[in-house]
Amino acid sequence: MVTTSQNAHETNDFNRSAPVTLHESMENNVTTALKDDKAGNGGNNGHSNDDHGNNGHGHETKTVTIIVNSIPKVLPKGKYLVSDLKRLVGIPADYEMDQVKDGILTPLLDTDEIHIKDGDEFIGQVKTGGSS
Amino acid sequence: MIELGKVATLHSLCPDAKLVEENGQQFIHLPALKIPVGTQTKTREALLCPSRHSGYLTRLFFNEKIDERRTIAGVAVNWSAHSILSRTWYTWSWQGVSADLPLLQMLVAHVKAFK
């Protein structure tokens with residue numbers, strides 16, 4: 001499970017005598033990713049990253065911040081099945097999920113696979129409304 | 001009453017969304033709302049009414065009808081015209097979108113009718 005590996009990774013990454021909160025460590029990773037992007041290497045620091053953002057050294061897990069129902073969520077960079085993404089960000093499995101692209105709602109299927117990027121926005125909600 | 005800060009949650013769908021009011025009833029003005037209609041996208045000026053209006057829990061009004069969509073869920077689209085803020089706006093019969101929903105989900109629940 002992605003969140004478990006993230007936590008395990010952070011335990012290895014930081015000085016155990018000076019624990020860093022999950023939130024702080026995630027923010028550090030997001031900052032690093034942004035710096036890499038500005039350097040023009042698309043977030044890759046020159047080492048081969050896998051789909052979960054591991055850089056091959058075991059020192060860093062790259063994360064991205066996405067927006068789900070107006071709330072920022074930090075996740076490891078990578079590809080996700082929509083059904084997995086819903087579970088990770090707390091959207092119930094039977095809810096619909098849409099991605100907002102250039103102000104347009106794009107419905108996602110549970111079986112779709114998406115590569116999340118910093119700033120991607122999603123809306124999850126129960127289907128509601130009907131003709132009367 | 002809708003707080004100004006909550007209107008900002010709509011900016012991803014309409015960057016210039018702002019709160020307006022008429023006779024104590026609040027609306028959110030959406031100058032250029034993009035509406036997926038089948039495989040196309042239509043843009044309309046819109047007003048979201050986040051509270052009860054004309055017998056509905058919440059409503060979304062457009063400056064023009066969306067003629068491309070003749071039926072929704074197998075039912076003919078039943079457009080009606082309303083005068084709000086000294087202008088004519090059009091809405092359709094779409095019930096059950098709760099005023100308790102966050103604004104973003106409320107707007108999406110209306111917009112997705114046309115998908």
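Residue numbering restarts at 1 for every chain, and letters A, B, ... go by the order of the sequence lines.
Here the shortest heavy-atom pairing between A/Gly129 and B/Val97 reads CA-CG2, 3.9 Å. The two residues A/Ile104 and B/Pro36 make their nearest non-hydrogen contact at CG2-CG, 4.1 Å.
Hydrophobic cluster membership is shared by B/Ile66 and B/Leu48, with clusters built from Ile, Leu, Val, Met, Phe, Trp and Tyr side chains linked at under 4.5 angstrom. Hydrophobic clustering of Ile, Leu, Val, Met, Phe, Trp and Tyr side chains at less than 4.5 Å, counting indirect connections, keeps B/Leu103 apart from B/Leu57. By the criterion of side-chain heavy atoms lying less than 4.5 angstrom apart, applied directly or through intervening Ile, Leu, Val, Met, Phe, Trp or Tyr residues, B/Ile35 is grouped together with B/Leu104 in one hydrophobic cluster. Two different hydrophobic clusters hold A/Leu75 and A/Ile67 under the rule that ILVMFWY side chains link at heavy-atom gaps under 4.5 Å. Using a 4.5 Å cut-off between side-chain heavy atoms of Ile, Leu, Val, Met, Phe, Trp and Tyr, with links allowed through other members, B/Leu19 and B/Leu33 fall into the same hydrophobic cluster.
Only the side chain of A/Ile123 comes within less than 4.5 Å of a heavy atom of chain B; its backbone N, CA, C and O stay farther away. Only the side chain of B/Leu101 comes within less than 4.5 Å of a heavy atom in chain A; its backbone stays farther off. Proximity to chain A (any heavy atom under 4.5 Å) is shown, for B/Ala113, by neither the backbone nor the side chain. At a 4.5 Å heavy-atom cutoff, B/Pro102 makes no contact with chain A through either its backbone or its side chain. Of the two parts of B/Val111, only the side chain, counted from C-beta on, holds a non-hydrogen atom closer than 4.5 Å to a non-hydrogen atom of chain A.
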Tell me which donor-acceptor pairs, judged by distance alone and kept under 3.5 Å, run between chain B and chain A, one pair per line.
residue	atom	partner	partner atom	Å
B/Ser12	OG	A/Glu121	OE1	3.3
B/Ser12	OG	A/Glu121	OE2	3.1
B/Lys34	NZ	A/Asp102	O	2.9
B/Ile72	O	A/Ser131	OG	3.2
B/Ser93	OG	A/Ser132	O	2.9
B/Ser93	OG	A/Ser132	OG	2.7
B/Gln95	N	A/Gly130	O	2.8
B/Gln95	O	A/Gly130	N	2.9
B/Gly96	O	A/Thr128	OG1	3.1
B/Gln105	O	A/Gln125	NE2	3.4
B/Lys112	NZ	A/Glu96	OE1	2.9
B/Lys112	NZ	A/Asp98	OD1	2.6
B/Lys112	NZ	A/Asp98	OD2	3.4

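Annotation: side-chain hydrogen bond (donor to acceptor under 3.5 Å, both in side chains) contacts of B/Gln25 (sequence neighbours excluded): B/Ser51.
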